[in-house]
Protein chains: 2
Amino acid sequence: MSINEIAKHLKVSKSTVSLVINGKAEQARISQSLAKRILDYVEEIGYKPNALAKSLATGRSNTIGLIVENIGDSFFGPIALYIEEYLRPYGYHVLYSSTLGDLDLARTILTAMVDKKLEGLILAPAMGQEDQVLQLLGSKTPLVIFDRRIPQIPTNYVGTDNYTASKKAVEHLLDRGFSEIGMITIDSEQPQMRDRLRGYHEIVELQQKEKSILTLPYRMVLAERMESIKQFLVDNPQLDALYFSTNYLCVSTLKVVQSLQKDKAYGMLSFDDHELFELLNPTVSCMRQPLEAIAKEVVTTLMTQINNPDAAFRETIIPSDLVIRHSSQ
Amino acid sequence: MSINEIAKHLKVSKSTVSLVINGKAEQARISQSLAKRILDYVEEIGYKPNALAKSLATGRSNTIGLIVENIGDSFFGPIALYIEEYLRPYGYHVLYSSTLGDLDLARTILTAMVDKKLEGLILAPAMGQEDQVLQLLGSKTPLVIFDRRIPQIPTNYVGTDNYTASKKAVEHLLDRGFSEIGMITIDSEQPQMRDRLRGYHEIVELQQKEKSILTLPYRMVLAERMESIKQFLVDNPQLDALYFSTNYLCVSTLKVVQSLQKDKAYGMLSFDDHELFELLNPTVSCMRQPLEAIAKEVVTTLMTQINNPDAAFRETIIPSDLVIRHSSQ
DNA sequence: GTGAAAGCGCTAACAG
DNA sequence: CTGTTAGCGCTTTCAC
């Protein structure tokens, strides 16, 4: 079942078979009849080239690595789907991994992917992975960072305008008459989270209001997270609105509020939309990142670098949209 | 940066280097000092073996293929995450692809994965892919089918008890006093959907009630789907409860009901849970498939076959849990 | 203890 | 037009 056996059986040489199979019969000026004979036999025995051997010989694996925080969540999941779809026309497959925000795991994964000689890497880096990325950059592997930029290191990057969008979000809440706005956020070291937080800081300071911020670690079990949020709400009775740096914090908070059964209604606005936000009562306003556009740009950027390794890095900021629903009215 | 250069530089042979790197120095009785010299140099230049070449030589790619319908949805996304996690201890990586229910695409993807000589395949097959699976079975590639079984073809399989769970769900609705239960389902040819439908049929017939079934195609744009659902509700004013074969149909219906602004409240029960079902008003009852347990069993089954290619096929049915919330009270 | 050599399956010059 | 040859980078057997 190898090219060798085919060659032997047909009494031609390996290279002839290889050329024909790869559609280069024409340009290698191989006779139509011979080509047909080979193709027919290949068809007959159902021969399939070994992609591994091909990759080794050509240096092309036709595979792109995708490293995200959690493939199962409502941000990275759909992004992954879109990335796969946009990559498909180029003939690329996707090898994925979720880091779950764990640095050690993230390092191991990245190392493994580099060793596999993938043709390109799409990475939402974990905190602390900067040095490894820097090193990777030296190796000339095409790379696109997304969602969270690595400050100080110039790379290809695609992400949303976290800072500006965050300011808009908080301003919107203020405009609608809320005056004491608390922010619930996560793992404040991540650049995108920092920027969202910064936006909150700036607007609230501008209004000379009090800041109330709850910062939660990533990877906290739901029950604990809910407990922290509950305490935060209790400790800050003055709050009339809540701003969330990401949607699952909003979801957790909604669960807390529901369990509290107080009838205090907070104004709410979350970064990132959620499929069911428009079904809740009240419906939940959000800053929506355009997932498909981000995925598309990630792929375009990667392809650009693959086809032109020496091109300058490209940074694309894709603005998020404020989606106004009832929770911020 | 290849093993060759290391050998040359150290003036030893390739094989010695290879043995040392792979920790077989001991058994090959290579001197401690030589081994250390090699290891040190490897460390120094930061040498990484080329995984591709290694795979070609050993025939092991350390990669498992995962083919699902949609990696971005709330069923397959989390499943993919769990599969990855359970696979990690074995040193396997995951190459994924979404078929979006498209047969041609599904065939192409499966073919490509087979050519890549992956060490195992986890597959939620598309309709019509039976022949291809049959063929794959002949090739001895370790394979686990999940979510949707292929009738008539014995394979490893992991899934839930669709038929029984569906009966329980409809019975529950009846028990709670609903009497005219409509079912909204999809693409009724898929075995798991058939089974869910069959459960509905059986219970409703047992009660000598009228059946009202709306069958929607997979891959329908949201607006059209909502339109069909709306029409269905209008045409069937007698319905007092709705049973959904999968959660996004329930979500779509909730959107329709919301837009209708009638205050008719349907009893509702959906197959598959959704993160926000417990936040809606009323909270939505469901049949919950234990995602992590399914993923775990998929991996266990696959590993069993990989380690013991001649073992008999293993079929595991993991029961779903009825989660009772307010929508079915 | 160590190294030479063959081979995994394929591609791609280059000769004829 | 077709075949020879030399790799791609690594593993593994078997002499020495």
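Treat the numbers as computed from the prediction; the structure is a model and nothing was measured. We name chains A, B, ... by the order of the sequence lines, and we start the count at 1 in each one.
Counting to the nearest Å, the C1' atom of dT12(D) and the CD1 atom of Ile30(B) are 12 Å from each other. Remark: C1' of dC1(D) and NZ of Lys11(A) are 20 Å apart, rounded to the nearest angstrom. Arg37(A) has its CZ atom 12 Å from the C1' atom of dT2(D), to the nearest Å. Between the CD1 atom of Ile6(B) and the P atom of dG3(C) there is a distance of 14 Å, rounded to whole Å.
The pair Asp131(B)-Arg107(B) meets the salt-bridge criterion, since a charged nitrogen lies less than 4.0 angstrom from a carboxylate oxygen. In summary, Arg88(A) and Glu84(A) engage in a salt bridge, as defined by a charged side-chain N under 4.0 Å from a carboxylate O.
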Would you mind building the protein contact string for nucleotides 5-16 of chain C? One character per nucleotide, 5' to 3', B for base within reach (heavy atoms under 4.0 Å), S for sugar-phosphate only, - for untouched.
---BBBBB----
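Note on ring orientation: taking the six-membered ring where Trp is involved, the planes of Phe146(B) and Phe75(B) are parallel (angle under 30°, cut-offs 30° and 60°).
Applying the side-chain contact (heavy atoms from CB on, under 4.5 Å) criterion to Ala80(B), with sequence neighbours excluded, gives Ile71(A), Tyr96(A), Leu66(B), Ile71(B). Taking Lys54(A) as the reference, Asn22(A) meet the side chain to side chain donor-acceptor pair (under 3.5 Å) condition, with sequence neighbours excluded.
Screening residues 109-136 of chain A for ring-ring contact (aromatic ring centres under 6.0 Å, His included), with sequence neighbours left out, gives no hits. Within the structure, the ring-ring contact (aromatic ring centres under 6.0 Å, His included) test picks out the following pairs touching residues 38-57 of chain A (sequence neighbours left out): His9(A)-Tyr41(A).
The two residues Leu110(A) and Leu121(A) have their closest heavy-atom pair at CD1-CD2, 3.7 Å.
Nucleic acid contact for Ala28(B): base, since at least one base atom lies under 4.0 Å from a heavy atom of the residue.
Two end axes, each from the C1' atoms of five base pairs, can be drawn for the helix from dG1(C)-dC16(D) to dG16(C)-dC1(D); they diverge by 50°, to 10 degrees.
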